[in-house]
Each structure stands twice: as C-alpha cells, then as structure tokens.
Amino acid sequence: MEDCIFCKIIKGEIPSYKVYEDDKVFAFLDINPLSEGHTLVLSKEHYANVFDVPEDIYAHMNRVVKRIADKIQEEYKPEGILINQNNGRRAGQEIDHVHIHIKPIYEDTKIFSERNHRKRFDDEKMKKIQKELTLD
Ligand code: AMP
Ligand code: ZN
C-alpha cells in the first residue's frame with residue numbers, strides 16, 4: 001500500500017534492522033524500543049489489523065513471534081517477554097499495518113500495568129457475555 005511506512009520498509013524503500021523474512025512475514029527491530037530486543041512481526045501483504053488479516057497469515061505471524069521470543073530469551077535472558085498487538089487508535093495502534101510487538105522485560109523496564117483498572121462482573125453478566133461470545 002502506498003503511503004504505508006511498513007510497506008515501504010518491506011520493499012526496502014526505508015531502511016530497517018531486519019531479523020527475519022519469508023514469503024509471508026517480515027520482522028525488524030522497533031525504531032523506538034521499550035527495551036533491548038523489542039521487535040515487530042508484520043504480514044508482508046498490507047492488512048490494517050486483526051480483523052482484516054486472513055487467519056492463516058495471522059497464525060504464521062504468531063509462529064514467527066514464538067521463534068523470535070525464543071531467540072530473545074536465549075540471547076538476552078530477560079525476566080519476561082510481553083507480546084501484544086494493537087488494533088485501533090484507542091488500543092494504541094499508530095500504524096495501520098498489522099504487526100505484533102515482542103517486548104523483552106528486564107529488571108529496569110518500565111511497564112504500564114492495567115491491574116488496578118480491572119472490573120468484576122456479576123454471574124448474570126458473565127453468563128450473558130459468555131453466551132454472546134461463544135464460537136460456533
Ligand atoms: P503501534 O503503536 O502498535 O502501531 O506500533 C507502531 C510501532 O512502530 C511503534 O512502536 C514505533 O516505534 C514503530 N515504528 C515506527 N516507525 C518505525 C520505523 N521506521 N522502523 C521501525 N519501527 C518503527
Ligand atoms: Zn502496509
């Protein structure tokens with residue numbers, strides 16, 4: 001897609017620190033990392049988000065995520081690794097080309113915790129949501 005910075009990176013029009021590429025997936029270091037090893041895994045074709053990307057491509061992106069996470073763990077031995085994928089501005093998505101973040105968490109890494117903002121729904125509401133979201 002024209003005007004998409006990640007498409008330009010995949011085409012080599014903008015430089016990146018690539019760590020993996022195959023026919024469907026591309027991965028490079030985030031230019032503004034949370035921590036050492038923060039990596040982005042992208043579909044090579046342009047899809048905006050989780051709703052647009054075909055299931056098999058999303059699954060393959062996640063296979064690559066697993067391999068890169070293993071590699072980070074082996075090389076850097078962080079205390080943990082946070083994996084997230086933002087969809088929509090309110091969910092923190094800035095670039096509308098589907099990508100998964102792999103963020104190593106070290107002793108000094110600052111992370112935002114949602115813990116104190118979690119809710120508790122009563123049984124009736126939980127059952128209603130369960131009914132609405134149960135897959136066929
Ligand atoms: P998101 O907010 O989930 O859309 O994530 C977009 C990510 O892309 C951010 O973490 C940025 O730091 C990163 N980013 C933006 N431009 C570049 C670039 N040219 N090379 C590598 N990463 C980038
Ligand atoms: Zn794109």
Side-chain angles (χ1 to χ4, degrees):
M1 193 199 198
E2 270 180 52
D3 285 348
C4 171
I5 185 170
F6 283 177
C7 283
K8 285 181 182 163
I9 287 175
I10 290 163
K11 283 188 268 179
E13 293 170 11
I14 293 177
S16 72
Y17 298 94
K18 181 173 81 173
V19 295
Y20 180 81
E21 179 176 13
D22 64 27
D23 56 331
K24 294 190 187 72
V25 166
F26 198 95
F28 53 81
L29 301 182
D30 196 296
I31 201 75
N32 187 200
L34 175 71
S35 60
E36 200 170 326
H38 183 164
T39 302
L40 301 176
V41 176
L42 285 63
S43 60
K44 267 194 168 172
E45 273 207 48
H46 181 96
Y47 301 104
N49 51 41
V50 68
F51 311 112
D52 290 1
V53 65
E55 193 176 309
D56 60 327
I57 296 196
Y58 200 59
H60 185 54
M61 287 166 67
N62 278 284
R63 271 197 291 272
V64 174
V65 165
K66 158 76 177 152
R67 290 181 58 195
I68 293 173
D70 284 347
K71 180 72 172 169
I72 291 170
Q73 193 60 33
E74 188 188 316
E75 295 289 338
Y76 295 154
K77 306 201 171 19
E79 291 189 349
I81 298 185
L82 182 62
I83 295 169
N84 70 291
Q85 193 261 305
N86 306 324
N87 298 282
R89 294 287 170 275
R90 280 280 289 149
Q93 185 176 16
E94 286 173 11
I95 298 185
D96 290 333
H97 181 132
V98 66
H99 55 279
I100 301 170
H101 291 261
I102 308 171
K103 298 169 177 168
I105 307 299
Y106 305 97
E107 199 182 355
D108 62 347
T109 307
K110 298 269 183 295
I111 49 166
F112 167 77
S113 174
E114 64 186 26
R115 242 303 129 212
N116 295 334
H117 305 280
R118 296 283 189 90
K119 302 180 189 312
R120 192 101 200 174
F121 296 138
D122 63 22
D123 183 56
E124 191 187 352
K125 181 147 179 141
M126 291 297 276
K127 284 192 172 125
K128 180 176 178 288
I129 298 169
Q130 178 188 29
K131 196 164 167 236
E132 287 164 351
L133 296 186
T134 296
L135 300 178
D136 297 333

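Each ligand, and each atom within it, is numbered from 1 in the order the structure gives.
Residue-level check: among N/O/S atoms of His97, ND1 sits closest to the Zn ion (ligand 2). Atom ND1 is the N/O/S atom of His46 found closest to the Zn ion (ligand 2).
Polar contact check, Asn86 against ligand 1: a nitrogen or oxygen pair lies under 3.5 Å apart. Where the criterion is an N or O separation shorter than 3.5 Å, residue side chain and backbone included, Glu94 meets it with respect to ligand 1.
Within a 6.0 Å sphere centred on NZ of Lys44, heavy atoms belonging to other residues, nucleotides or ligands number more than 12. Within 6.0 Å of the CZ atom in Arg90, the count of heavy atoms belonging to other residues, nucleotides or ligands does not exceed 12. Residue Glu13 places its CD atom among more than 12 non-hydrogen atoms of other residues, nucleotides or ligands, all under 6.0 Å distant. By the neighbour-count criterion of 12 heavy atoms within 6.0 Å, atom CD of Glu79 is densely surrounded, having more than that number from other residues, nucleotides or ligands. The number of heavy-atom neighbours closer than 6.0 Å to CD of Gln93, taken from other residues, nucleotides and ligands shown, is above 12.
Ligand 1 has Leu40 within reach: a non-hydrogen atom of the residue lies less than 4.0 Å from it.
Between the choices Ile14, Asn32, Ile31, the shortest heavy-atom distance to atom 23 (C) of ligand 1 belongs to Ile31.
Contacts between Ile95 and ligand 1, counted as non-hydrogen atom pairs separated by less than 4.0 Å, involve both the backbone and the side chain. If you look at Gln85 next to ligand 1, there are no close heavy atoms at all, none under 4.0 Å. Residue contacts with ligand 1 for Phe6 involve side-chain atoms from C-beta outward but no N, CA, C or O (heavy atoms, distance under 4.0 Å).
When rounded to 10 degrees, the angle formed at the Zn ion (ligand 2) by SG (Cys7) and SG (Cys4) equals 120°.
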query: Under the salt bridge (charged side-chain N to carboxylate O under 4.0 Å, His left out) criterion, do Lys127 and Asp122 qualify, and how do the steps go?
result: CA-CA 9 Å; Lys127 284 192 172 125; Asp122 63 22; over 6 Å; no

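Protein heavy atom at the shortest distance from atom 10 (O) of ligand 1 is Asp30 OD2, 2.5 Å. For atom 2 (O) of ligand 1, the closest non-hydrogen atom of the protein is Gly92 O, 2.8 Å.
If you take CG on Leu34 and NZ on Lys110, they are separated by 10.5 Å, rounding to the nearest 0.5 Å.
Formation of a donor-acceptor pair under 3.5 Å by the Thr39 side chain with backbone atoms of Ile102 is not found in this model. For the pair Asp70 (side chain) and Gln73 (backbone), a donor-acceptor distance under 3.5 Å is absent.
For ligand 1, the atoms lying closer than 4.0 Å to a non-hydrogen atom of Leu29 are 21 (C). Annotation for ligand 1: atoms under 4.0 Å from non-hydrogen atoms of His99 are 1 (P), 3 (O), 4 (O), 5 (O), 6 (C). Each of the following atoms of ligand 1 lies closer than 4.0 Å to a heavy atom of Ile9: 18 (C), 19 (N), 20 (N).
The aromatic rings of His117 and Phe112 sit parallel to each other, their planes meeting at less than 30°, with 60° as the upper class boundary.
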